[in-house]
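In what follows, a single structure is set out as structure tokens and then discussed.
To find a chain, count down the sequence lines: A is the first, B the second, and so on, and within it residues start at 1.
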Amino acid sequence: MPELAEVELARRIWEPGTGQRIVAVDSHPHARVYRDTPASILESTLPNSFIVSSRTHGKRLLFSFGDRSPCKSTGAHPTTHLEIHLGMSGRLFLAGPDHEPTKHDHFILRTKRLGLVYSDYRQFGRVLLHQPCLDPWTELPVEVLDPEFTIACLRRLTARRRGTTLKALLLDQTVFPGVGNWMADEICWRLPCHPGIRLQALDLARLRTVSRQVCRGALRHVADKNAPLDRARGFSPGRYVEQVPPRSWLFQHRWKAGGCCPRCHSSLARGTIATRTTAWCPTCQPEEASEA
DNA sequence: CATCATGTTATAAT
DNA sequence: CATTATAACATGAT
């Protein structure tokens, strides 16, 4: 289910592994998630290295490895980076160091105390081991919550796309990295604008403001609520409860049969826009009737 | 059995 | 070139 907030939560779930040495890597070598990097490369590269740091960008995760623990020396520089994209059904969880992989656990990074498990039953996700370098992520687009995500930036990214629908733009990972189907609908609802509206009829400043609000709110509701648990008690598998945005968000109502707009209580409309199932409020987000 | 799923990508058609 | 449509990927839930 991963959009940017769930991806950040996944990163935090593996956080207890930071600083630890990988003692072994077990994988399902024929799984489709290895279409970029064969499992054998992970198995031969990662053991004996330490997890030094991790971060996310949009829907991507990056775990960086070095040859010593970041706790013991200040100058531990990463030598290798493992990138993970969770696709539609990927998830990360913690288990004990001897965790027996089940059917969809495609790899396990084992440390002395933990098993870091990557599981993905549909295998739309993928893993990618980067060649040794300081930072494999220098070419990625500006993130929505980055201070550089300015109106000028947004104007540049949309310059030749007057005819695109709002929903298609929101799903474009080069423009709104990390925004997926539910966040896109949430942004349209909050603007409020019909998701099928053409960009020419759109206030980019407003779009920037609202998209940032939704990204920040999603992180707060989905990822932050779990973080304090991490520091309070050590690891315990399955401790992370799935967190979702509150009932004041469209999220809570969009898939329910007979779901209503949390603002005006109209019955929600549903249809396919930009190839994805889309929910919106026909009252708050009317179809642009001003078109000739 | 048919449909749908919080994603991406390749390819074809407009 | 921009945009849309379609299929494909692999599995589970309804």
Answer yes or no: does a side-chain N or O of [X] lie under 4.0 Å from OP1 or OP2 of [N]?
X: A:Thr164; N: C:dT3; value: yes
X: A:Lys103; N: C:dG12; value: yes
X: A:His104; N: C:dG12; value: yes
X: A:Arg32; N: C:dA8; value: no
X: A:Thr277; N: B:dA5; value: yes
X: A:Arg122; N: B:dA5; value: no
X: A:Lys59; N: B:dT6; value: no

Does the gap between the ring centers of A:His99 and A:Phe93 come in under 6.0 Å?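 Ring-ring flag for A:His99/A:Phe93: true, centres closer than 6.0 Å.
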
Which residue lies toward the 5' end of DNA chain C, A:Tyr121 or A:Gly163, if each is placed at its nearest nucleotide? A:Gly163

Between [options], which nucleotide gets closest to the side-chain atoms of [X]?
X: A:Ala168; options: B:dG7, C:dT4, C:dT6; answer: C:dT4
X: A:Arg161; options: C:dA10, C:dT6, C:dT3; answer: C:dT3
X: A:Arg126; options: B:dT6, B:dT9, C:dT3; answer: B:dT9

Report the relative orientation of the aromatic rings in A:Trp14 and A:Phe63; use parallel for angles under 30°, tilted for 30 to 60°, perpendicular for over 60°. tilted

Take the angle between the ring planes of A:Tyr34 and A:Phe107 and call it parallel below 30°, perpendicular above 60°, tilted in between. tilted

Base, sugar-phosphate alone, or nothing: which one does A:Arg91 contact when heavy atoms must sit under 4.0 Å apart?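 The residue A:Arg91 makes no contact with any strand.
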
Is A:Arg160 touching bases, backbone alone, or none of the nucleic acid, heavy atoms closer than 4.0 Å? sugar-phosphate

Stems with DNA chain B, 3 or more Watson-Crick or G-U pairs in a row (under 3.5 Å), are B:2-5 with C:11-14, B:7-14 with C:2-9

Please state how far atom CG in A:Asp120 lies from atom C1' in C:dG12, giving the value in whole angstrom units.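 About 12 Å, once rounded to whole Å.
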
From CH2 of A:Trp255 across to P of B:dC4 the rounded distance in Å is 11 Å

4.5 Å side-chain heavy-atom contact, A:Leu191 and A:Arg206: yes

How far does CZ of A:Arg198 sit from CZ of A:Arg161, to the nearest 0.5 angstrom? 12.0 Å

Rounded to the nearest 0.5 Å, how far apart are CD1 of A:Ile13 and CD of A:Glu6?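 CD of A:Glu6 is found 10.5 Å from CD1 of A:Ile13.
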
Expressed in whole Å, how much space separates the P atoms belonging to B:dT3 and C:dA7?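 It works out to 13 Å between them.
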
For A:Phe124 and C:dC9, are the ring centres under 5.5 Å apart with planes inclined under 30°?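 Stack criterion met.
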
